[in-house]
Every structure is written in structure tokens, then in C-alpha cells.
2 protein chains.
Amino acid sequence: MTRTTLLDAAHEAAAASTATRVAVSTVIFSLRRSPDGRASVVLPLVTRTRDPHQGQWALPGGWLDITESLDAAAARTLAETTGLAPSYLEQLYAFGAVDRSPTRVISIVYWALVREDESRSASPDHDQENVAWFDASALPALAFDHNEIVEYALWRLRNKVGYSRVAHGLLADEFTLAELREVYEAILGRRLDPANFRRQVENAGNLVPTDSFRTGSHRPARLYRYNQDAELAERGPLTVRQ
Amino acid sequence: MTRTTLLDAAHEAAAASTATRVAVSTVIFSLRRSPDGRASVVLPLVTRTRDPHQGQWALPGGWLDITESLDAAAARTLAETTGLAPSYLEQLYAFGAVDRSPTRVISIVYWALVREDESRSASPDHDQENVAWFDASALPALAFDHNEIVEYALWRLRNKVGYSRVAHGLLADEFTLAELREVYEAILGRRLDPANFRRQVENAGNLVPTDSFRTGSHRPARLYRYNQDAELAERGPLTVRQ
DNA sequence: CCAAAAGTGTTATATATACACCCATGT
DNA sequence: ACATGGGTGTATATATAACACTTTTGG
């Protein structure tokens, strides 16, 4: 570690002794459709290959590299696990209770969304051996405090879907209103009135109707896309910019 | 240790070398009344006594001790600076851009509220030499990225006051509706209709009317206190419990 | 009595919710 | 034709906002 500032030796020593190992983990949400067409929120977990908690499922993550930002570390570990680029990435919380791991570790946790279609496609250069996708509402016992972390991430996702447009991070570019509504229903865990849902999202002014229709069964549904202009205005000050 | 993927010995060794210095800072909000009775949001800053940014104003904070949790570190540095116990304390964000300091430092930033009456009383065992309180809307150029951090904390405070009861963290136990409204006005930066404000907070069901009145000028105003029962239900999963 | 803040009432507008109904397509 | 989801209309409840008005104190 090369120092470039004027720190006296005593302070230097004190600072060095308080250095902490920092991990970055990510709760990655995607959508999976059951054969009956109902959608549910899923997330990837990895098996721990060493102690502590060897053999248990845990959130994907890794150590923070000294040369990379927190955001970059989250994106990197996410790519290593899933081979995907997230459609949405936001810091969740920094966990730092002393007893959350046998050795003192601070975890900066992010949460991310990846599109449904992408989460199925296998990418060549990422490790799929130890990765499996779980229904978010039926997780096994996870390593460390990861169960609580996922609960908090779900709480944040449910909250955010109510006042922002994050839902589109789980959909492809073009989508029908029924598909968008299914995302909301999967996240919120309850059915929404199609008529009222339509008006709400239309009045929000974020949807751009296209000239295409999704055909297949019954009456064709119009395809929409999101208005990219509205994107920036909505973001809070510190959202990760992709 | 939260490593969740296959790590060989070499990587493990690398991980040990990536320990990072972690700082904890806190944006501490309080209220100050001008002679004309108008309230404004103020916060304490400290002068940096060494480089980098020696002589500049900065957020109070310190290094994370290996034996203390993040929450405890925030409370400790807050007490060292102001000699006060916060009435509200919440994690704000973890800042980790590589170039935010000449040497790599991660800052876990908290934000806190201290009651108006307490923020004036001098406590014997804390350092007041380098501390000064500033109006939050007229800050000087701060060290590091602290101006942006304060902006974000203010954004969060303004947001939170809209849907939660944080405002009472700036008031004494008993308060009039006019005093509560002044807190809202100071935070939001705009006047609120007294009649509508009264109904909103009354309907929220958090206020308990007392039998006392604040007298002094004009018609006496009833004193209220907050319903402690409602406290727990409102908190998100990860609010710091005092 | 008067000024000023405390507190109540009334009305207009917007939004949420429930649900009846018509439309267009594949089978 | 008919079942089904796409899409529109409408009524009711509730929240928000603007503002007129009455009440109660100090001076």
C-alpha cells in the first residue's frame, strides 16, 4: 500500500491495524414462469466450498479488490456468478455486526435485477457448477445472516415497485401490460385489477405504446416500451448508473 | 468470511491482502430557531487537523474499530463529536469510489437526529474545539465528497419525513402541532397549511394529546406526545434500535 | 377591542378501488 | 359460437388541497 499523503507514523500504524476485510455480495432477482403461466421471483445462490458454513447455500459475492469501487465489485461478482449484466443494480446495506462471521467481515450488499430471458441463457465463461436458482419465497437455511439479508432485499424490492419503475428491469424491451402486471403481482404477492393497473401505469407517463402486438391466444395485446427520458428524473441521488 | 465460490489458496492469500480501511461518518441533523422564530436544519462539522484536506470542514467520524459494529461506531463517533445521544440513527450509504480519498478508504455513513434542546447543552467530555454548527442549506466547501453526502442525507431526510414519524426526533417529548409543523417546514423548505397539517398528523394516529398547553402568546396550544406503540410497526427491517 | 395563533368546517380536485361491460381473437 | 383475455366506462370511497370561519388568549 503506497501512501501519498502526510500521515504521521502513529496514525499510520493505528489506521493499518483497523483495516477490515470487506466483502461484496449481491441479491440477484429474476423472474421464472411456471407452466401455468404464473410468475414468481427467483434468485441464484451458490454453495460454499469451504468453512465457515461449508456446503450451505449463500449469496454470490467475493472480496472487495483494493482497486475497484463497491459498485464495480458488485457487478463483477454478479457476472462471475450468473454470466449476466444486471438491468438494475443498487446498494442495499452494509452489514457489520461483529459476530455475523467467525472472523470480522463487513459485507456491502447490493441487489440487482436481471431480465427473465437472460437469466436462462447459459454464458460460457461463468461458473455454473455451484449455482442454483431458488424461489424467493421458499429459501433453504442460508449461511451467515443471508436469510435476513434476502428478506430485507425483498422488502426493498416490494417497496420500490410501488413508487418507481424498477419492474421493467425484469422484462424484455417490449412487453404487454399483462406481463408488466404479472411482475407486479409476483413481487407484491397479490393480484391486481387489470383495468385499474392499466390506468395507473398509463397515467404515470412512463410507457410508450408501440405499433406491435403480442399475438398467440385470444385478443392480441399491445406491446409497450419504457420511456427512457423519464429514467434519469426518477433516480435518487445515488443510484448506480449502468 | 463470506467467500462463496471456489477459491484456491492463492486467491485466499490475495483476499487477506485486500483488507481495507473502513471509516464511519455521520451526518447529524438538529434544529436551530432564528430570533424571528423560523426554524432551520443545522448540522455539526469538524475541522480536519491533518492532510488530506487539512483545515477544511468535514463530517464527524472516525475509523471503524475491529471490535465494534458499524452502528456502535456511528454512535461512538457521534458522541465524541457532540457529546449527545441521537434520538434517531440510520445507516445512509457505503461510499467506496477508489478516488474519493488519496488512499483507498471506504466510508460507511450514517445520519442521525438530535433534539434541539440537547444540541445546545455543552457536555463536559467531548471535544468542542473543532466543532461548529452550520445551516444545512448554506454549507462551505467540505473535504472529500462530503458535500454530496450531505446532499444525499438531506434528500433522505426530506423523503422520510413524508412517510414516517422521524420529525419527532428533532423535538422534545411534548410539543405543539405548530412546533411539529415548523419541523416539517424546515425540512421540506416550504410552508404547510396549518389546518390540513393538523388533520393529517391526527389521522395518522401517532399523536397522543396531553392535558397540558403551551402558553405565552395568543391562544394556548395543546401539547402532544408521540405514541410509542406505533414506533415498532413503522420501522423498516434494518433500522437501528436504540 | 384588536391582533394573531389555535382550532373547525366546507368544498373542489385527484386518486384508489370495485366491478359492469364491450371488443377481438383462436379454437 | 364461445371462451378468454384485452380494453373501456362508471360509481363510490378516500386523500389532498385551498380557504373561509370561529375560538381563545395577550396586550
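Here is the naming used below: chain letters follow the sequence lines, and residue numbers restart at 1 for every chain.
Regarding B:Phe213, its CZ atom lies at a distance of 16 Å from the P atom of D:dT23, rounded to whole Å. Remark: P of D:dG7 and CG of A:Leu180 are 13 Å apart, rounded to the nearest angstrom. Taking atom CZ of B:Arg198 as the reference point, atom P of D:dC19 lies 20 Å away to the nearest angstrom. A:Tyr224 has its OH atom 10 Å from the C1' atom of D:dG6, to the nearest Å. Atom CZ of B:Arg191 is separated from atom P of D:dT16 by 21 Å (rounded to the nearest Å). Here C:dA6 presents its C1' atom at 13 Å from CD of B:Glu182, a figure rounded to the nearest Å.
Taking A:Phe175 as the reference, A:Tyr226 meet the ring-ring contact (aromatic ring centres under 6.0 Å, His included) condition, with sequence neighbours excluded. Qualifying salt bridge (Lys or Arg N to Asp or Glu O under 4.0 Å) partners for B:Arg199, counting only residues two or more places apart in sequence or in other chains: none. Qualifying side chain to side chain contact (heavy atoms under 4.5 Å, CB included) partners for A:Pro209, counting only residues two or more places apart in sequence or in other chains: A:Arg222, A:Tyr224.
Within residues 172-179 of chain A, the residues that place at least one heavy atom under 4.0 Å from DNA chain D are, in residue-number order, A:Ala178.
Residues A:Pro44 and A:Pro60 come closest through the heavy atom pair O-CD, 3.5 Å. In terms of heavy-atom proximity, A:Leu59 sits nearest to A:Val46 at O-CG2, 4.0 Å.
For residues 171-184 of chain B, the side chain to side chain donor-acceptor pair (under 3.5 Å) pairs, not counting sequence neighbours, are B:Arg33-B:Glu182, B:Asp173-B:Arg225, B:Glu174-B:Arg225, B:Glu179-B:Arg214, B:Arg181-B:Glu185.
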Base-contact (B) and sugar-phosphate-only (S) positions in nucleotides 15-24 of chain C, heavy-atom cut-off under 4.0 Å, - elsewhere: --BBB---BB
